[in-house]
Amino acid sequence: MKATGAGQAIFENQVAISGAISVQEGKLTLNGAANSAASALVAGGWLIVGQGAAHSSASLAATVTVGQAGVLGGHGTVTGNVNVNAGAVLSPGNAAGDAGTMNVAGDLTLASGGFYEVEADPAQSGSLALSDPGIGDRTVVSGAVNLAGTLRVIMDGVLEDFEGPQWLIIDAGTGLSGSFEGTESDLAFLAPSLVYDAANYDVWLTFAPGDISDYATTANQNSVAAALASLDNGSSLFKDLVSLTKADQAQKTLAALAGEPHASVISGLSTMASSFADDLSRLVSLRSGAGGILAPAAGQDGGLSGPNGLWVTIEASYGRFRGDGNAAPAKFYGPEVSIGYQRDFAGGWFGGLALRYSDKKLEVDRLNSKLDADVVMVTLYGGKEIALGPGTLRLLLGAGVGWHSIESERRVTMGVSTQTLKASYRGESFFGFFEAAYSFSPSDAVTLEPFVSVGWHTVNLGGFREVGGNAALIQSGERTSRVHGSVGLRSSFRLAQNVFLNLEAGWRHSFSGAAPSTELRFAEGGNRFTVSGPAMDRDEAFIGVGLAIGLTEKARLRIDYNGSLGRRYQSHGGALTFSYNW
């Protein structure tokens with residue numbers, strides 16, 4: 001007679017089969033005592049002898065062979081030999097969190113390529129003595145055990161002290177030969193370690209810290225992995241890392257621990273100085289054709305009166321760093337308000353003072369991190385317009401300083417534990433720019449202005465110490481500089497008497513390093529490590545479209561869209577500017 005288990009079949013009473021039991025798929029559970037068969041083959045699916053500790057008296061009198069894709073488990077007894085072939089699994093107990101002991105009255109053979117899967121309960125571990133074994137899955141064999149294959153370990157809980165616990169996983173009666181060919185664990189940074197007691201025919205399981213860098217796949221992850229490995233094994237961060245982190249969480253945990261957003265914010269702040277300089281250049285551009293927003297230089301007629309100009313700009317922008325295979329993608333966005341005053345002097349000279357406040361947010365969704373940066377920037381600029389040929393050459397020079405106040409928040413998850421880490425710190429930036437532009441009007445309705453510019457900025461970040469958990473980071477400060485040059489063309493088209501369409505297009509090249517970085521260390525100690533933010537573009541295009549409207553003889557309104565288009569970073573923003581000249 002042949003019984004085949006398919007789907008879910010549970011037999012609570014004795015089953016006696018003169019032929020063979022064959023399980024091809026699904027789960028067959030035998031909970032009765034004194035079950036018998038000529039033999040049992042688990043070719044696929046599960047055969048459970050005794051489901052749960054309440055059925056530990058269940059038994060099966062048969063030689064059991066577990067084939068590829070088959071699983072043998074339970075809390076009962078097999079009163080014959082058990083052979084676990086390649087691809088098959090022997091798993092004492094039968095469910096997660098259900099530690100159990102399986103008994104084999106005959107011999108147990110685990111072939112090469114087979115798996116022995118056990119759960120270990122960290123709350124109930126024992127010493128390395130048969131009288132005090134840890135509680136977990138085990139197999140007690142009356143005969144001999146022949147080992148090969150792979151040990152697969154599942155941690156059923158949190159292992160707080162990985163240096164002491166021991167679990168008895170195999171207890172043989174008459175002999176122990178061979179050894180496991182390898183070990184696997186659902187814990188990422190704790191490696192199973194085995195002790196073979198040849199005298200008592202036992203196999204004991206314990207754990208030892210593994211190589212943290214095994215799961216690192218990026219430069220940032222490798223950097224933080226080296227710092228974590230340098231921690232004292234007794235530190236709470238190291239214990240939490242190795243005891244809680246599951247293998248499927250390892251890369252995400254390393255990325256979160258690295259504190260990458262503290263470098264990413266430098267990328268965001270680096271875009272602000274060049275953006276302010278670009279805005280000031282647009283404000284004073286196309287003056288001879290009245291497509292600009294401020295009054296023309298002394299002695300020129302641009303349609304507005306007076307050498308004094310006061311302006312206010314409200315704008316918002318959204319930028320996204322794509323990520324570069326090392327740093328994660330990041331969003332950088334928020335509103336800005338600017339106010340400035342400009343005065344024209346005799347001989348074509350002009351000068352101005354501008355103030356900008358920005359409320360910028362940097363979000364790195366993949367790392368559950370966000371930073372809020374309040375930035376105040378002040379710029380002093382000036383220049384001269386020189387009549388040259390059919391047009392006007394304008395030289396513009398400016399320099400400024402910015403003050404940053406940054407609030408950061410990161411969430412770091414290790415297994416079942418999540419920490420919210422916060423920090424507050426300050427920084428400064430210094431920047432300068434120079435532009436040469438030549439305006440000319442091929443007709444009364446069109447003004448063209450090719451230009452070339454160069455700019456530089458330096459971002460200085462102050463030190464900080466995060467609070468909120470043992471994964472907190474410390475930074476002593478960071479300095480990053482960048483130099484870039486641009487070439488482009490602005491144009492203005494008169495649509496009506498006091499309405500102008502302004503267009504801009506150009507190319508910007510950076511002469512400095514592409515990816516900002518910062519040096520950090522854990523508050524609990526260990527070596528310093530360096531992480532990088534998302535790489536900046538070496539080359540990017542920028543475009544602009546604006547509409548300037550003369551409201552009165554002295555007042556003007558301008559609406560602009562400006563965007564930068566790079567392979568690694570793109571931004572889009574809109575601005576509304578009101579100016580008054582007298």
Margin query: Tell me whether S235 contacts the main-chain N or O of L231 through its side chain, where contact means a donor paired with an acceptor under 3.5 Å.
Written below: no
Check: Do T480 and E478 meet the criterion of a side-chain donor-acceptor pair at a distance under 3.5 Å?
Finding: no
Notebook entry, point to check: Does a donor on one side chain and an acceptor on the other come within less than 3.5 Å for T150 and E181?
Noted result: no
Next item on the list: Show the numbers, then the answer: is there a side chain to side chain donor-acceptor pair (under 3.5 Å) between R411 and S369?
Entry: CA-CA 6 Å; R411 290 203 305 272; S369 301; over 6 Å; no
Notebook entry, point to check: Looking at OG of S532 and CD1 of I266, how far apart are the two atoms once the value is rounded to the nearest 0.5 Å?
Noted result: 9.5 Å
Next item on the list: Evaluate the ring planes of Y215 and F189, with Trp represented by its six-membered ring, and classify them as parallel (under 30°), tilted (30 to 60°) or perpendicular (over 60°).
Entry: perpendicular
Checklist line | D171 side chain vs L168 backbone, donor-acceptor pair below 3.5 Å | finding: no
Item checked: T101 and H75 side chains, donor-acceptor separation under 3.5 Å -> no
Margin query: Under a 3.5 Å cutoff, is there a donor and acceptor pairing between the side chains of N470 and Q419?
Written below: yes
Next item on the list: Determine whether the side chains of E524 and S236 contain a donor N or O and an acceptor N or O closer than 3.5 Å.
Entry: yes
Next item on the list: Taking atom types as modelled, find out whether S564 and S571 have a side-chain donor-acceptor pair closer than 3.5 angstrom.
Entry: yes
Item checked: Side-chain donor-acceptor pair present, Q14, N35, cut-off under 3.5 Å -> no
Distance-only donor-acceptor hits, side chain of residues 251-262, under 3.5 Å, sequence neighbours excluded:
from	atom 1	to	atom 2	distance (Å)
T253	OG1	Q249	O	3.0
T253	OG1	T413	O	3.2
E260	OE1	N220	ND2	3.1
E260	OE2	A328	N	2.6
H262	ND1	Y425	OH	3.2
H262	NE2	E466	OE2	2.9

Margin query: Suppose we call two aromatic rings close when their centres sit under 6.0 Å apart. Are Y569 and F332 close by that rule?
Written below: no
Margin query: Test your reading of the model: is there a side-chain donor-acceptor pair from S57 to the backbone of A33, 3.5 Å cut-off?
Written below: no
